[in-house]
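All values below were derived from every heavy atom in this structure, side-chain atoms included, with hydrogens, water molecules and symmetry-related copies excluded.
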Amino acid sequence: MRLGIAITLFWLFIALFSPLLQIIGVLQDPTELLSNMPREAPSISHLLGTDIRGYDVLSRTLIGSQAALKVVFLSTIFSLVIGVPSGLISGYLGGKLDKFLMFLMDTIYTIPGLLLSVTLSFILGKGIVNIAIAVSIAYVPQYYRIIRNHTNSIKNQLFIEAAQAIGATPRTILYRYLFLNVIQNVPVVFTLNAADAILVLGGLGFLGLGLPEEVAEWGHDLKEALPSLSTGIWWTTLFPGLAMTSMVVGLSLIGEGISEIFIPSLRNENK
């Protein structure tokens, strides 16, 4: 978990301060191509080389972390905002509303996440917010099912019945008594979904359905670099791929650590 936090903080630091590094001249403009030789090998002038269009690979790789973290943050927040309240309401109220939401979420859950994201991104178009929405829809059922099942299991316990007896409204019971008791496993799903969102964003960029071409994004850069790989130009695929892999590993390690904190049996097994 500590290693995962260190990796994630590194990329967060890069994403926050890469514009400053660009202003002071340490990093080149990731959209500048006319002043660079295409397919230039790593050298002193370009530490990670240039790609087929003449973009500086170092600046594209580092500044690409901004797009990744923006999509990760927005997509996970969108899915939380929809999945958690709907799970609470469905589990507590039950009835026809519960059956309808269960049917809807199960229907979404049966569709492969990448396929759903590809379809929605094609409909919504390119852009940070549009891609975040397309990615987030696949994660909503996960939050819904976790919260709904936990709510359904504890809504008949004595402290809930006591709150009902003293006249607490359903809204008060949901957000004062139930919410904090069913939210414990959400951080685990949150970090794992964040790692998956990076891969989905990379897949959309690779298919040409991600962000606009002028935005530095790892999946798009890998798509541009793939034809050159067979000619021995390895640096244009290696470094964006390593960046994506390291961020995914960092978030996954955080998720594994959080799961051991909230589920002590896993910690005992790993010992």
So, do [X] and [Y] sit near enough that their side-chain heavy atoms are less than 4.5 Å apart?
X    : Y    : value
R2   : L253 : no
F190 : L80  : yes
K155 : N152 : yes
V188 : S259 : yes
Q142 : N193 : yes
K99  : F103 : no
L211 : K126 : no
I233 : T236 : yes

Is a donor from one side chain sitting under 3.5 angstrom from an acceptor on the other, for [X] and [Y]?
X    : Y    : answer
S59  : Q22  : no
Q28  : N36  : yes
T169 : T172 : yes
S90  : D98  : yes

Restricting to non-hydrogen atoms, name the atom on [X] and the atom on [Y] that form the minimum distance, rounded to 0.1 Å.
X    : Y    : result
L201 : A68  : CD2-CA, 3.7 Å
T61  : A243 : CG2-CB, 3.7 Å
V57  : P240 : CG1-CD, 4.4 Å
A134 : S121 : CB-N, 3.7 Å
G91  : T151 : C-CG2, 3.8 Å
I14  : S65  : CG2-OG, 3.7 Å

Shared ILVMFWY cluster between [X] and [Y], side chains joined below 4.5 angstrom?
X    : Y    : answer
L88  : I160 : yes
I24  : L58  : yes
F206 : W235 : yes
L226 : L207 : no
L238 : L62  : yes

Interatomic distance, [X] atom [atom1] to [Y] atom [atom2] [nearest 0.5 angstrom]:
X    : Y    : atom1 : atom2 : answer
I133 : I82  : CD1   : CD1   : 8.5 Å
N181 : S153 : CG    : OG    : 9.5 Å
L21  : L27  : CG    : CG    : 5.0 Å
M247 : F10  : CE    : CZ    : 9.0 Å
I146 : I183 : CD1   : CD1   : 9.5 Å

Derivation and outcome, side-chain contact (heavy atoms from CB on, under 4.5 Å), residues M244 and I198
CA-CA 7 Å; M244 184 185 301; I198 296 174; 3.8 Å; yes
For [X] and [Y], indicate whether the former's side chain and the latter's backbone hold a donor-acceptor pair under 3.5 Å.
X    : Y    : value
T231 : S228 : yes
T50  : H46  : no
E217 : G219 : yes
D196 : L192 : no

Does the side-chain contact (heavy atoms from CB on, under 4.5 Å) test come out yes or no for S86 and M105, once each step is laid out?
CA-CA 10 Å; S86 60; M105 296 300 173; 4.1 Å; yes
As a test of understanding, state which of D51, D221, D29 forms a salt bridge (charged side-chain N to carboxylate O under 4.0 Å, His left out) with R60.
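Of the listed residues D51, D221, D29, the salt bridge (charged side-chain N to carboxylate O under 4.0 Å, His left out) partner of R60 is D221.
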Stepwise, does the side-chain contact (heavy atoms from CB on, under 4.5 Å) test hold for R148 with M102?
CA-CA 9 Å; R148 185 257 179 196; M102 277 290 293; 4.0 Å; yes
Parallel, tilted or perpendicular: which one describes the rings of W11 and W218, with boundaries at 30° and 60°?
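If you compare the ring of W11 with that of W218, the planes turn out perpendicular.
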Could you walk me through whether E40 and S45 satisfy the side-chain contact (heavy atoms from CB on, under 4.5 Å) test, starting with their C-alpha distance in whole Å, then the side-chain angles of each, then the deciding distance to 0.1 Å, before giving a yes or no?
CA-CA 10 Å; E40 183 179 339; S45 57; 3.3 Å; yes
Verify whether the ring centers belonging to Y143 and Y139 lie closer than 6.0 Å.
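No; Y139 has its ring centre 6.0 Å or more from that of Y143.
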Take atom CZ in F73; do more than 12 heavy atoms of anything else shown fall under 6.0 Å from it?
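For F73, atom CZ is not crowded (no more than 12 foreign heavy atoms under 6.0 Å).
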